[in-house]
Each structure stands twice: as C-alpha cells, then as structure tokens.
Amino acid sequence: MRAEPRLEDIHARVLAWYDANARDLPWRRPGTSPWAVLVSEVMLQQTPVVRVEPAWTAWMERWPAPADLAAAPPADVLRAWDRLGYPRRALRLQECARAVVAHHGGEVPETEEELLDLPGVGAYTAAAVAAFAHGRRAVVLDTNVRRVLGRAIEGRALPPPALGRAERERAAGYLPAGTAESVRWNVGVMELGALVCTARSPRCTACPLLGRCAWVAAGRPDDEHAHRRRTQGWHGTDRQVRGRIMAHLRRLPDGLAAGREELLAAGADGADPAALPDPAQPARALASLVADGLVAAEPDASGFRLP
DNA sequence: AACGCGGGGGA
DNA sequence: TCCCCAGCGTT
C-alpha cells in the first residue's frame, strides 16, 4: 500500500513546526553523549523539564560518564537528586550506570532490547534513548505523543489511562519510514505536546495540525475517561511523609546519623507522630524507605542515614 | 490491569 | 485547590 498523502502532510507540518519552535534544551545539543541523554530521560520521568534542566547540568558536570556515577557513594547521589522526586529513580540510575560499566564496556547499548534490561529503563526510555542518543528508528510513546495522536487522529480529549497494544501499533503506523525523519518526528510530536497540545488549555490556534485535528473537527469533546482518572492525593499520604524523612536526611551533615524519634517527627512535619490521624504512619514510611534502600539503618536501628 | 511512588507550579 | 508532569517496577 502506498503512503497516504495525508500522513506525509502531517509529518511535514510537525517537522516544520519543530524546526521553527524547538526549545534549546541542553541534552539536545550536538555532542551530548548517549549516557547524558539517558540521564536526562530518567530525570524526566514524571519531572517537568524546567526542574530537570539545572539538575541535569550540575549532575553531568559532576559525573560525566557511567563509571563516574557508578563509583559515587549512594548518599551523594541521593543528595544530588535533591527534590526531583521519586528518589528511587536516583538509585536505579546508579544501578544502571553500574550495569553499563559491567555489561556494556561503559557504553550505553543501542538496541531497545538491551536498553530495556537496564535498571530504571522501561519502554518509553528505551525507545527515547535508542532514538535520541543513537539516532535509531523507534516508537517513542510518552504522555505528550499519546495526547497529540489521541487528539489529532482519534479525536479524544486525552488518551485512555492504560497504554495498550492497539494504541502502540497505531503510533507505529504514524512513524515515518526514514530513520532520520523518524527521530525528528518523535522529538517534534513530543515538543508539540509539551508546548501547544497541552493537557489543559491547549493552544490550538498555534497548532500546525489545526486543520487536520480530529478532536477539533469533532468540536473538542470532553474526556470520556475523566471519571476513571482518580488523582493520587498528596496531603497526608505515605509519600508525603517519606518525602519529609528524605528531605531531613539530605540536610544532615555527612557522617551524621539521625535518631529514630527525630526522623519520625520529621516525617510528621515536626509534630508528635502520636497526634496524627494515623500514628503509625511515620514508622511505616521509615520502614518502607529502609526496605527500598533509600535509608540505611544502624545495626541497632537507633540511627539512620542515607545509604 | 492496578497500584505506589515526590514534588512543585500553573490554571 | 486541583491537576499534570519525556514512567517504572511490582503485584
């Protein structure tokens, strides 16, 4: 079957828009190493670009190569991760560095299959590194791409909560056949989703696909999955308590341990844990942090520090 | 398939 | 206040 003119038209429009509107992000600059790209992708997992940018720059200056990060004390890695969120990613990134050193001669592998075996690297990150670090043809499917294709092609306000096989195959069908074009398409659609086709209040008048968008053509119908998108709460959750405990430990001078009561109080935001609606919450959060390897306990559990 | 996991900034 | 952000690993 020959390529559809409509498809090529969509490709051309997105590519031209990207050429004119791409942000100058540091990990996109020529000469960025594959490892530096991988680090950026892991940091960008659920953390917005504006917060990743300064952290990535400092990180790459401190630990330019996988071997550098592999040799660092985990406590330093967690402190440098600072408040990017989901600190387990920092530990996995270091495990990833060690795997690259141990199994790939210190070079980031090129195939998605090999990348998927690395800690902290899932379907999205494997495709993104293959495409953006190695220039390979891969189906990069993140929240931005899913939203743009969902709107322009499917006419949905937002993609369904779960990413299924059908959606992945559809996205693959829209990937340009040429390798170089596929890479630009991937980054171009992502950028379009980040800057124009945003989740809330999209700037449709600035969109290169305005006249080709199924969602706009349908009158911009509401999200049919809205009732199923239960927002994860934050106030009073274990995650918030874990975050407070980690923040307290990050501030601790190197070599010092925090007492158990001190740490539980930090988890309760300075209050007496016994006064919380769930008095056991801080202790539970601390135990989970130890189980995750984010906190190291003294042999007698009297003190705690970063690992 | 569903859940847990940080933290912050814009609407 | 709510909601979303270049997701991943576990169950």
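This structure is a prediction, so every number in the text was calculated from the model and none was measured. Proteins get letters first, then strands, A, B, ... in listed order; numbering begins at 1 in each. Atoms considered below: every heavy atom in the structure, side chains included; atoms not considered: hydrogens, waters and symmetry mates.
- Not a single donor-acceptor pair, N or O on each side, falls under 3.5 Å between the base of B:dG8 and the side chain of A:R51.
- Both A:R88 and A:G164 lie close to DNA chain B; mapped to their nearest nucleotides by heavy-atom distance, the more 5′-ward contact belongs to A:G164.
- A:G85 comes within 4.0 angstrom of a base, heavy atoms only.
- If you check the side chains of A:Q281 and A:D238, you find a donor sitting under 3.5 Å from an acceptor.
- Within 4.0 Å of A:L25, counting heavy atoms only, lies at least one base atom of the nucleic acid.
- In the model, A:T237 has no side-chain atom that pairs as donor or acceptor with a side-chain atom of A:Q240 under 3.5 Å.
- The closest donor-acceptor contact from the side chain of A:W56 to the backbone of A:M43 lies at 3.5 Å or more, if one exists at all.
- Contact annotation for A:A162: no contact, since no heavy-atom pair falls under 4.0 Å across all strands.
- Separating the P atom of C:dA6 from that of B:dC3 is a span of 24 Å, rounded to the nearest Å.
- Counting any heavy atom pair closer than 4.0 Å across all strands shown, A:W81 reaches no nucleic acid atom.
- Contact check, A:R146 against C:dC4: no side-chain N or O comes under 4.0 Å of OP1 or OP2.
- Atom CH2 of A:W234 and atom C1' of C:dC5 are 14 Å apart (whole Å).
- In the interface, the side chain of A:R83 is not paired with the base of B:dG8 through any donor and acceptor atom under 3.5 Å apart.
- Atom CG of A:D269 is separated from atom P of B:dG7 by 12 Å (rounded to the nearest Å).
- Contacts of A:R147 with the nucleic acid, taken as non-hydrogen atoms under 4.0 Å apart, involve only primed sugar atoms and P, OP1 or OP2.
- In this structure, A:P161 reaches neither bases nor backbone, as no heavy-atom distance under 4.0 Å exists between it and the strands shown.
- Distance noted for atom P between C:dT10 and B:dG6: 15 Å (whole Å).
- Electrostatic pairing of A:R62 and A:D68 does not count as a salt bridge here, judged by no charged N lying under 4.0 Å from a carboxylate O.
- The residue among A:P48 and A:V121 whose nearest nucleotide of DNA chain C is located toward the 5' end is A:P48.
- To the nearest angstrom, P of B:dC5 lies 12 Å from CD1 of A:I245.
- Between A:Q46 and C:dG7 there is a side-chain polar atom (N or O) within less than 4.0 angstrom of OP1 or OP2.
- Nearer the 5' end of DNA chain C, as judged by each residue's closest nucleotide, is the contact made by A:T47, out of A:T125 and A:T47.
- In this structure, CG of A:L93 is placed 15 Å from C1' of C:dA6, rounded to the nearest angstrom.
- Distance A:M43 CE to C:dC8 C1': 16 Å, rounded to the nearest Å.
- C:dC8 sits 24 Å from B:dG9 when the P atoms are compared, rounded to a whole Å.
- Of the nucleotides present, C:dT11 is the one that pairs with B:dA1 by Watson-Crick or G-U wobble criteria, both distances under 3.5 Å.
- Panel note: side chain A:R147, backbone A:C197; a donor-acceptor pair is recorded below 3.5 Å.
- The same ILVMFWY cluster, assembled from side-chain heavy atoms under 4.5 Å apart, contains both A:L175 and A:L209.
- Distance OH (A:Y86) to C1' (C:dA6): 14 Å, rounded to an integer number of Å.
- Residue A:R200 places a side-chain atom within donor-acceptor reach of the base of C:dC3, judged by atom type and a 3.5 Å distance cut-off alone.
- Among the heavy atoms of the strands lying under 4.0 Å from A:A123 are primed sugar atoms or P, OP1, OP2 only; no base atom is included.
- Counting any heavy atom pair closer than 4.0 Å across all strands shown, A:R23 reaches a base atom.
- Along DNA chain B, the nucleotide closest to A:L163 and the one closest to A:L294 are compared, and the more 5′ of them pairs with A:L163.
- What separates CG of A:D82 from P of B:dG8 is a distance of 9 Å, to the nearest Å.
- Between the side chains of A:E41 and A:Y124, at least one donor-acceptor pair of N or O atoms lies under 3.5 Å.
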